[in-house]
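Proteins come first, then strands; the chains are lettered A, B, ... in the order of their sequence lines, and each starts at number 1.
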Amino acid sequence: MTTSAAALSQSHIPLLIRCIQTSSSLHSVTAAHSKILKAGAAAGTSTANHLLNCYLRFGSIVDAHKLFDDITQPNVVSWTSLMAGYIDAGRPAVAVDLLRAMPINGVEPNSFTFSTAINACSHLADVRRGRELHARIESLGLRSDVVASTALINMYGKSNDIEAARRLFDGMSHRNLYTWGTMISIYSQNACGNEALTLFAQFMALKLRRPNHFMFSSIVNACAGLGRLGTGRSTHAAVFRLGHEENDVIAGALIDMYAKCGSIDSSRIVFSRIAAPTLIPLTSMIVSAAKHGLGAYALQLFDEMLDRKIHPNSVTILGVLHACSHCGLLDVGLHFLNSMNDDFGILPEAKHYTCAVDMLGRAGRLDEAVDLARRAAAEASGDDGLMLWSAVVAAGRLRGRLDVVAEAAARLAELEPRKSDVAGAYVAMSNAYNFVGRWGDAIKIRMEMQRRGVMKDPGCSWVEVKGTAYVFFAGQFEACPRVEEVVELLREMKKEIGCRRGIDGWPWEEEDGEHDGLGGERAMLGVHSEILAMAFGILSFPKGGKIRIMKNLRMCGECHKVFKVVSKLVGREFVVRDLNRFHHFDGGICSCRDYW
DNA sequence: TTAGGGTTAG
């Protein structure tokens, strides 16, 4: 900064402001502030607002509030900026208080203020107050205001009311880039990937403006959720063309997308192109490596991260635990759990305990697993509790411990999961009761599900061919693409693999979910969805290429066996993503080494 | 001058 205090006059201020807006340190903001004060020029509200926002850009809410107090006549921008600053500082309740204080101080809120206040409500998960603000916006005639409406869309989206968000979106006469981006991100974050892709396509067709990095991040995320590798790759190409690849968040999202689509090699390529990876791409790479069973690589990355003095967050630690879990590094994992607070100042949360419970359970140390779950239970309400006790159910079932499963079922019954996970809790409970022989209780649960209209997601698998996703459901042959060829191929293969390899038939299920294993003609009708997808994949992909299959549930042990045998029989490589992790089948073996 | 984005166990 070259402007001297002595020479500073009103005419220099815009230049000074421009200077500090591009500066990279809080110190230069403070220096500019004191120069302006010395020159006696800080009286202007507009100048003060610029400074205020510079302080906020560096996260200094204390300096910002001090400056705000010194402004003789703070205007609506001053108030709104301060509100936004408090939200960023993790204190959204203060933002709501400021909104109330504005009229008392003679300043009326505008649409940006409402937008910020609504954002505060989203952070506070205070839908009631959000609705009140919605009503106020309507009564003030701001209904068609794009800024206020976009904030409302975001609030409804964050509270999982996607329909309300979409109704507002559809009712708007004018939409800007924020509006489109917000609606697309709501779809993407609520596991509505197809809707996100459709809306993005509509936006592109309008040819109004180029998509920004926010939109790309949502779209990459949608591809990850759907396991759409082809669409993910073409989105990556667009990201590259428009120069967004360097963005940390986008890089992290791309690493995650490739991993979730079964191409960990592509994740590693994206990661290797980053000169000095920061927390976000590093965490994404660690989590992705763990998901693919590359435990040693995940731990190596973590060490490199610490060497570079990059501080991990709770997700990074979870990735590390997950890596230990899938590689059987039980003691290393437990060490991380016990020392994460001392070493990194991160308190273990329910998700960390759940991972450790799962790890202990699979290693056969069931009593320790249950003990840990009991200790963690206080912090695991709602969905967290569902995860925790479902892990205990799985561990108990694996070891045939009825007492453990019964306790977990009772704990599940006490939970109040969010609406979206009610089905999961019911299914976990009903499975647990079935396992311990309390069929009456299991039936009661199923009846309660029916009475409340809770639907269990049907098991399905899908395969992407040339940008189109082909979906397969167990027992729904009428919906199966290339059905005749698929059936014919399965028949032929069944003859080949036969009982010699320990496979009685294709894994299948009847309405009540019981396995038969006879593999007769009737069984073909209920064959598991990944088996149909496997046959379709063999028919649709050229020899030599990997066949990637996505599944919305966990793979059963029988299907796992089938994939191993078939990979050797037909000489093809299969990558199957189930709810839990990836399985790479090649030459008769699986990357998980049958430990998952 | 004021608005949003990524990674999370089953």
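- No close placement of the A/Tyr297 and A/His292 rings is indicated, their centers lying 6.0 Å or farther apart.
- Of all nucleotides listed (B/dA3, B/dT1, B/dG6), B/dG6 comes nearest to the side chain of A/Ile280.
- Residue A/Thr283 is in base contact, counting any heavy-atom pair closer than 4.0 Å across all strands shown.
- Across B/dT7, B/dA9, B/dG6, the shortest atom-to-atom separation from the side chain of A/Ser217 is found for B/dG6.
- In this structure, A/Asn212 places its CG atom 13 Å from P of B/dG6, rounding to the nearest Å.
- Minimum atom distance to the side chain of A/Asn176 is reached by B/dA3, of the listed B/dG6, B/dA9, B/dA3.
- One can find a donor-acceptor pair under 3.5 Å joining the base of B/dG5 and the side-chain atoms of A/Asn247.
- Set against B/dT7, B/dA3, B/dA9, the side chain of A/Asn221 has B/dT7 as its closest nucleotide.
- Sorted by first and then second residue, the pairs that involve residues 208-224 of chain A and meet side chain to side chain donor-acceptor pair (under 3.5 Å), not counting sequence neighbours, are A/Ser188-A/Asn221.
- At least one donor-acceptor pair under 3.5 Å links the side chain of A/Ser78 to the backbone N or O of A/Asn75.
- Ranking B/dG5, B/dT7, B/dT1 by closeness to the A/Asp256 side chain, first place goes to B/dT7.
- When distances run from any side-chain atom of A/Lys291 to the nucleotides B/dT1, B/dG5, B/dA9, the shortest one goes to B/dA9.
- Note on A/Lys158: a side-chain N or O is less than 4.0 Å away from OP1 or OP2 of B/dG5.
- Within the nucleic acid shown, A/Ala84 comes within 4.0 Å of sugar-phosphate atoms alone, with no base atom in reach, counting heavy atoms only.
- Of the listed nucleotides (B/dT1, B/dA3, B/dT8), B/dT8 has the atom at the smallest distance from the side chain of A/Lys351.
- Looking at heavy-atom distances under 4.0 Å, A/Val287 makes contact with sugar-phosphate atoms alone, never a base.
- Here B/dT7 presents its C1' atom at 12 Å from CD1 of A/Ile274, a figure rounded to the nearest Å.
- As a whole-Å value, the separation of A/Leu152 CG from B/dA3 C1' is 12 Å.
- Of the candidate nucleotides B/dG5, B/dT7, B/dA3, B/dG5 has the atom nearest to the side chain of A/Gln189.
- Comparing B/dG5, B/dA9, B/dA3 against the side chain of A/His213 picks out B/dG5 as the nearest.
- Rounded to whole Å, atom P of B/dA9 lies 12 Å from atom CG of A/Asp578.
- Among A/Met155, A/Met183, A/Arg175, A/Met172, the one residue that satisfies the side chain to side chain contact (heavy atoms under 4.5 Å, CB included) test with A/Thr150 is A/Met172.
- As rounded to whole Å, 11 Å separates atom P of B/dA3 from atom CG of A/Asn110.
- What separates CD1 of A/Ile87 from C1' of B/dA3 is a distance of 10 Å, to the nearest Å.
- As a whole-Å value, the separation of A/His174 NE2 from B/dA3 C1' is 14 Å.
- Between A/Phe336 atom CZ and B/dT8 atom P the separation is 19 Å, expressed in whole Å.
- Ring pair A/Phe169/A/Trp180: centre-to-centre distance below 6.0 Å.
- Note: A/Phe200 and A/Phe203 have parallel aromatic rings, judged against thresholds of 30 and 60 degrees for the angle between ring planes.
- Stacking annotation: A/Phe112 is not stacked on the base of B/dA3 (requires ring centroids less than 5.5 angstrom apart and an interplanar angle below 30 degrees).
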